Engineer: 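Following this message is one structure expressed as C-alpha cells.
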Amino acid sequence: MDDEESVIGFEALYRSMMMCRKGVLWKDSVAAYYHRGVERTERLCQELHSGRYRAAPPKHFTITSPKRREIASVAFRDRVYQRSLNDNLVYPIMTRSFIYDNWACQTGKGTDPARNRMKEFLRRYYRKHGPDGWVAQFDIHGYYPNMRHDVAEENFRKKLPEWAYERVVRILRDQYEGDTGYNPGSQLIQIAGISLLNDLDHRIKEQLRVKFYIRYMDDLIMIHHDREFLEKCMEDVREELRKIGFEVNGKKTRIYSLADGIPFLGFRFRVTGTGKVLMIPDPAKIKAARKKYRRLVAKAMRGECSRESVDASWQTWMDHIGKGNSWRLRQRLEKFYQELWEGEEGHGNQKTDDDARGDGRAGERRGPGGAERGEH
C-alpha cells in the first residue's frame, strides 16, 4: 500500500510497536511504553494525523567495535513511527530496483549469505579462468559521516510518493543538522546507506559489465582476469563517487592478485590450485578476540562478571569462526581459553600470527585417509 493510512494508521503503528519491542523489552523505557501500548499507539496515531507529532532529540554515543562509530539512538516512540514508515513503504519501494548482489540490511540477506555468494563467485571464476586473476576492492572513506544530505534526500525523492518523501525528509532534518553526515542508528539511515549507491551498482553491472561484483554497504569488490580492465573500472567508480561527495580510502582501495586472498566480512577468501575455496578467519579479529577474552576471564576471576556470561560469549565467537576453514585454529583457541581459566596465561600468549598462518594452510592439509580437512 502507498497511502498514508498504511503508515500512520493505528494498526500499522501497533504492528510496528510489536516489532520494535523484540529483544529490547528488558529496557525500562520500552517496557513502560509497551505496558500502555494501546494508549500510547492511539496517542501517536492522533499526533501524526493532526500534524502535532514532534520527534525527541536523538541520544548520541560512541561504539569502538568492530570500529569506532558515532551512533544516534532514537527514542522508542519515534522508532515505532519510523519503523512503520520504513517497513510499510520506504523499504519495499527503495529496494525494488536493487541489483541481486547488494547484500546489506535486507530481508533474506546479510553477512552469511554474502559470504556464501563470495564463495560461489570464486568457484564460478575458477571454472572459467582458473586460479589466476585480479581483485579491485573499494572502501569509501567515512561513508555515513561524509554522506551529503542533498544527495540522500534526492535519492529518496526519485523513488517515493511526495507525501512519503516529505515525511522522510522531515525526520532526517529534525535529527541531523548541517549539510553532511549521518549517524547509523535508525532504519531510515540504514536504508539511505544501502540505496545511495544503487545507481553505481547498476552502472558497474550494466555499463561496465563486471560479472563478478558484490557490495556490502560501502565495501565494493570486483573480480576479473584482466588487470587493465579493472584499472579502467576503478577510475570510473572513483569519478562516480566524487560526483556524490565521496572519496575512497587510499589504503583499502586497491587492485591486487586473487592469489593474495580477498578480505571480506571478517574472513579472507582464497582459491587453491585445485579450485577449493577457503574462508579463513581474519588474523586481526583473532588477535582482538584473544585480548578480549583475557580481559573478560580476568574480570570473571575478580567477581565482576559471571563465568556463564563469558562462556556464552566465547561460544558465540567460536561458532562464528567455525563458519570458515578453522579446524586447527579452533583446537588451539579452545586450549588457549581453557588455560586462561587455569591461570596458565603464558601458554595462551602464543603469537596470533602463528595461528593465522597455520589456518591459511589448514584447509589444504589432509587428515587420516587422505581426506581434506576443511571446516570440520
Side-chain angles (χ1 to χ4, degrees), residues 23-24 26-27 61-71 73 110-116 118-119 184 216 219 251-252 260-270 276-368 371-376:
V24 293
W26 56 270
K27 295 182 178 180
F61 61 94
T62 302
I63 61 171
T64 58
S65 180
K67 62 182 180 180
R68 189 177 185 85
R69 283 195 183 98
E70 298 295 324
I71 302 296
S73 177
T111 53
D112 284 342
R115 294 182 190 114
N116 290 335
M118 177 62 78
K119 289 181 182 178
Y216 197 94
D219 193 358
K251 292 182 179 179
K252 296 182 180 180
D260 293 343
I262 303 174
F264 184 59
L265 297 178
F267 292 82
R268 185 173 292 273
F269 294 77
R270 286 196 171 97
K276 181 178 178 64
V277 176
L278 304 178
M279 191 173 88
I280 303 161
D282 184 348
K285 304 290 186 184
I286 303 299
K287 181 176 181 180
R290 290 165 69 102
K291 182 178 179 180
K292 171 184 175 180
Y293 287 104
R294 286 192 189 99
R295 186 180 69 253
L296 287 178
V297 169
K299 287 180 67 176
M301 288 179 172
R302 293 193 301 267
E304 297 175 14
C305 62
S306 67
R307 173 159 184 171
E308 289 76 13
S309 65
V310 179
D311 284 345
S313 174
W314 173 260
Q315 190 56 54
T316 300
W317 163 249
M318 292 297 287
D319 290 344
H320 167 69
I321 64 171
K323 296 172 183 176
N325 300 83
S326 58
W327 187 86
R328 292 182 182 275
L329 172 61
R330 280 180 286 145
Q331 305 311 303
R332 290 195 291 275
L333 287 176
E334 287 290 8
K335 182 180 178 181
F336 157 81
Y337 187 63
Q338 181 180 353
E339 289 173 347
L340 284 182
W341 288 107
E342 294 171 355
E344 298 176 10
E345 293 195 27
H347 295 287
N349 287 332
Q350 297 173 4
K351 289 184 179 180
T352 306
D353 290 344
D354 292 340
D355 285 341
R357 285 194 294 268
D359 268 89
R361 299 184 294 268
E364 298 179 78
R365 286 174 176 156
R366 297 183 180 272
E372 284 193 339
R373 188 174 278 175
E375 296 185 13
H376 305 290

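Just so we're clear, the structure is a prediction, and the values are computed from it rather than from any experiment.
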Engineer: For the residue pair Y293 and S313, establish whether any side-chain heavy-atom pair is separated by less than 4.5 Å.
Structural biologist: yes

Engineer: Taking atom CZ of F264 and atom CZ of R115, what is their separation to the nearest 0.5 Å?
Structural biologist: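 That separation rounds to 8.5 Å.
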
Engineer: Would you give the length of the straight line joining atom CG of D260 to atom CZ of R270, rounded to the nearest 0.5 angstrom?
Structural biologist: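 So the gap between those two atoms works out to 8.0 Å.
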
Engineer: Are Y216 and L265 close enough that some pair of their side-chain heavy atoms sits under 4.5 Å apart?
Structural biologist: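 Yes, at least one pair of side-chain atoms sits under 4.5 Å.
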
Engineer: Quick one: do the S306 and S309 side chains pair a donor with an acceptor below 3.5 Å?
Structural biologist: yes

Engineer: Residues in side-chain contact (heavy atoms from CB on, under 4.5 Å) with M318, at least two apart?
Structural biologist: W314, Q315, I321, R330, L333, E334

Engineer: For the CD1 atom of I286 and the CZ atom of F336, what is their distance to the nearest 0.5 Å?
Structural biologist: 10.5 Å

Engineer: Kindly determine whether L340 and R294 satisfy side-chain contact (heavy atoms from CB on, under 4.5 Å), including the steps that lead there.
Structural biologist: CA-CA 7 Å; L340 284 182; R294 286 192 189 99; 3.9 Å; yes

Engineer: Start with the C-alpha distance between R268 and D282, add both sets of side-chain angles, then the distance that settles salt bridge (Lys or Arg N to Asp or Glu O under 4.0 Å), and finish with yes or no.
Structural biologist: CA-CA 6 Å; R268 185 173 292 273; D282 184 348; 5.9 Å; no

Engineer: Are F267 and T111 close enough that some pair of their side-chain heavy atoms sits under 4.5 Å apart?
Structural biologist: no

Engineer: Locate the shortest heavy-atom distance separating P281 from N325; write the atom from each residue and the value.
Structural biologist: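 Taking P281 first and N325 second, the nearest heavy atoms are CD-O, 4.0 Å.
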
Engineer: If you compare all heavy atoms of K119 against all heavy atoms of F269, which two are closest, and at what distance to 0.1 Å?
Structural biologist: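 Taking K119 first and F269 second, the nearest heavy atoms are CG-CE2, 4.0 Å.
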
Engineer: Who are the side-chain contact (heavy atoms from CB on, under 4.5 Å) partners of T62, not counting sequence neighbours?
Structural biologist: R68, E70

Engineer: Taking C-beta and beyond as the side chain, do D311 and Y337 meet within less than 4.5 Å on heavy atoms?
Structural biologist: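 In short, these two side chains touch, coming nearer than 4.5 Å.
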
Engineer: Evaluate the criterion side-chain contact (heavy atoms from CB on, under 4.5 Å) for residue pair S326 and M279; output intermediate values, then yes/no.
Structural biologist: CA-CA 8 Å; S326 58; M279 191 173 88; over 6 Å; no

Engineer: Could you tell me whether the side chain of V297 reaches within less than 4.5 Å of the side chain of W341, counting heavy atoms only?
Structural biologist: yes

